[in-house]
Amino acid sequence: MNLTKLQEWLQSSNNDVAYISNPTTIAYFTGYDMEPHERIFALLAFKDQDPFVFVPALNVEEAKNSAWNGDVYGYLDSEDPWVVIADKVKHRTTAYQKWALEKNNLSVSHYQLLHQQFPDANFDADVSNFIAKIRLYKTPEEIKQLQAAGEEADFAFQIGFNAIKTGVTERYIAGQIDYQLKLQKGVMHESFETIVQAGANAANPHLGPTMNKIAPNELVLFDLGTMHNGYASDSSRTVAYGEPSAKEKEIYEIDREAQQAAIDAVKPGMTASELDSVARDVITKAGYGEYFIHRLGHGIGKDVHEYPSIVQGNDLIIEEGMCFSIEPGIYIPGVAGVRIEDCGVVTKDGYQPFTHTDKELKYIPLND
């Protein structure tokens, strides 16, 4: 159990209490997923006592009826949540002198309010790196959810490709994707804003969909994903609407070659830096190295971007069970952008993608 690992970490690191504040992390440890908005939602774990979940009063019954089978405590809007938390902690244990926090998530104001309740306690420890590392290795059940999310992404690509026609906007196509995911697949949440970029817009990787209208004979880049039972998909494809230029075809084929070379190269025992270099070397040797302006990939799981970064200089050893993206890109300002991306899992002898939409350059017939 993941909570057992957290308790063991508290014991080995000589900490008394872990205050978990990131809703995604809480869901990972408890199976209970909730968006608290401005209210307080936390998991309190102890080195030698049972943990408890702390929620707003209006979520208490929901939490009790969730996959979480431990204690649940709530607070009314008229109450000070930090006073209530302090009371529950002090009733549970006398060992609350050394705290570990998710420092990559907890706001300064919330830290200060918590500290006021335990003014003599030590809050130096950071549990964030430990959490990132245990989330790095996915279980068979987690991989099953990631594969299902990948199937939804493949469906979304087909909706997007079919929506391309002259004069419609990038936002129109993105809207069609999101609507049909809900209507046909019951997908209520994308893992991030659906991105559709046409022509020169695709040279700006995270511009997002705009009111730019699709024009004949240009490339159209899609970057999209869904949330399936709390697990994310993230995939990119670039297609041709009509007949793109020779330059656009060239950078597409180079990027496709780089992505496939990296997928084929994945094996346990190599480093993240070495994998990044496989794709980067292909693009650099073709003369476009300056236009590959981001890392090769990122981890994926309950968050769409997780540890680790597949990037030059990262000597992390790749191991079986790790899940991450492989997404080289070539972005030439004022001309075009190409990105091809799959997320997948490292196997004992390679890499198994979660998405399977074909990566040969797809030509969409002109449609007015």
Side-chain angles (χ1 to χ4, degrees), residues 9 13 22 24-25 102-105 125-138 146 191-192 195 202-207 221 223 225 232 234-236 251 254-333 337-355:
W9 180 85
S13 62
N22 185 332
T24 303
T25 309
E102 280 189 289
K103 292 189 176 181
N104 63 359
N105 173 267
D126 187 358
V127 71
S128 304
N129 288 339
F130 166 76
I131 291 170
K133 288 176 181 176
I134 64 169
R135 285 176 58 179
L136 177 59
Y137 301 93
K138 270 58 180 185
L146 290 164
S191 52
F192 56 95
I195 295 174
N204 190 341
H206 282 178
L207 177 65
L221 188 157
D223 190 354
D234 181 8
S235 187
S236 300
I251 63 173
I254 293 166
D255 197 66
R256 186 173 70 87
E257 179 186 351
Q259 204 242 4
Q260 191 60 51
I263 286 177
D264 292 342
V266 176
K267 60 182 179 181
M270 73 187 308
T271 68
S273 182
E274 288 170 341
L275 182 56
D276 181 286
S277 292
V278 171
R280 199 168 301 276
D281 287 350
V282 171
I283 293 172
T284 299
K285 288 176 182 176
Y288 292 97
E290 66 182 291
Y291 301 112
F292 182 9
I293 54 177
H294 54 70
R295 63 192 175 184
L296 178 64
H298 57 80
I300 191 165
K302 291 190 76 66
D303 284 313
V304 70
H305 283 194
E306 291 190 355
Y307 176 81
S309 283
I310 309 302
V311 65
Q312 289 185 314
N314 183 0
D315 292 329
L316 174 78
I317 301 297
I318 290 172
E319 297 180 319
E320 185 177 356
M322 293 182 178
C323 297
F324 51 77
S325 68
I326 295 179
E327 51 177 307
I330 300 174
Y331 313 95
I332 304 177
V338 173
R339 183 168 61 259
I340 303 170
E341 172 189 12
D342 294 293
C343 290
V345 58
V346 179
T347 65
K348 63 181 180 180
D349 53 9
Y351 181 85
Q352 182 180 72
F354 299 137
T355 39

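Just so it is clear, the structure is predicted and the values come from calculations on it, not from any experiment. Note that the numbering runs from 1 along the sequence shown for the chain.
Of the possible donor and acceptor atoms, one in the side chain of D255 sits under 3.5 Å from a partner among the backbone N and O of G329. For S273 (side chain) and G313 (main-chain N/O), a donor-acceptor pair under 3.5 Å exists by modelled atom type. Side chain of Y351 to main chain of G344: a donor-acceptor pair is present (N/O by atom type, distance under 3.5 Å, no hydrogens or angles). The backbone N or O of D342 sits nowhere less than 3.5 Å from a side-chain atom of S325 that would complete a donor-acceptor pair. Proximity of a side-chain donor or acceptor of H298 to a complementary backbone N or O of V304 within less than 3.5 Å is detected.
Note that OG of S191 and NE2 of H305 are 8.5 Å apart. Values are rounded to the nearest 0.5 Å. The distance from the CG atom of L316 to the CG atom of L136 is 6.5 Å, given to the nearest 0.5 Å. Rounded to the nearest 0.5 Å, atoms CD (E102) and CG (N129) are 11.0 Å apart. Within the model, atoms CG of D315 and CE of M270 stand 12.0 Å from one another, a figure rounded to the nearest 0.5 Å.
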Candidate pair C323 and L146, rule side chain to side chain contact (heavy atoms under 4.5 Å, CB included), full reasoning: CA-CA 9 Å; C323 297; L146 290 164; 3.9 Å; yes
Would I340 and E327 count as a side chain to side chain contact (heavy atoms under 4.5 Å, CB included) if you check the C-alpha gap in whole Å, the side-chain angles of each, and the deciding distance to 0.1 Å? CA-CA 5 Å; I340 303 170; E327 51 177 307; over 6 Å; no
Before giving the answer on salt bridge (Lys or Arg N to Asp or Glu O under 4.0 Å), spell out for R339 and D223 the whole-Å C-alpha distance, their side-chain angles and the decisive distance to 0.1 Å. CA-CA 8 Å; R339 183 168 61 259; D223 190 354; 2.9 Å; yes
Carefully, step by step, assess E341 and D234 under the rule side chain to side chain contact (heavy atoms under 4.5 Å, CB included). CA-CA 8 Å; E341 172 189 12; D234 181 8; 3.0 Å; yes
Determine, step by step, whether R295 and I310 satisfy the side chain to side chain contact (heavy atoms under 4.5 Å, CB included) criterion, reporting the C-alpha distance in whole Å, the side-chain angles of both residues, the deciding distance to 0.1 Å, and the verdict. CA-CA 6 Å; R295 63 192 175 184; I310 309 302; 6.0 Å; no
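You'll find the side chain of F130 stays beyond 4.5 Å of the side chain of S13, heavy atoms only. Side-chain contact between I283 and P328 is present, with at least one heavy-atom pair separated by less than 4.5 Å. Contact annotation: the side chain of T271 never approaches that of I318 to less than 4.5 Å [non-hydrogen atoms, C-beta and beyond]. In this structure, the side chains of Q312 and S277 come closer than 4.5 Å at one or more pairs of heavy atoms.
Residues L296 and D276 share a closest heavy-atom pair of N-OD2, 3.1 Å. Between L275 and A265, the shortest heavy-atom distance links the atoms CD1-CB, 4.4 Å. Looking at every heavy atom in both residues, I330 comes nearest to I251 through CD1-O, 3.6 Å. Listed here is the closest heavy atom pair of L221 and A202: CB-CB, 3.9 Å. Nearest approach of I326 to Q259, heavy atoms of both residues: O-NE2, 3.2 Å. The two atoms that bring N104 and S128 nearest to each other are OD1-OG, 3.2 Å, heavy atoms only.
In this structure, a donor-acceptor pair under 3.5 Å is present between the side chains of Y331 and H294. Side-chain contact, E320 with T347: no donor N or O sits under 3.5 Å from an acceptor N or O.
When ring centroids are compared, Y307 and F324 stay outside the 6.0 Å threshold.
Using a 4.0 Å cut-off between charged nitrogen and carboxylate oxygen, D349 and K267 do not count as a salt-bridge pair.
For the side-chain contact (heavy atoms from CB on, under 4.5 Å) test, residues two or more places apart in sequence or in another chain that qualify with D303 are T24, R135, E306.
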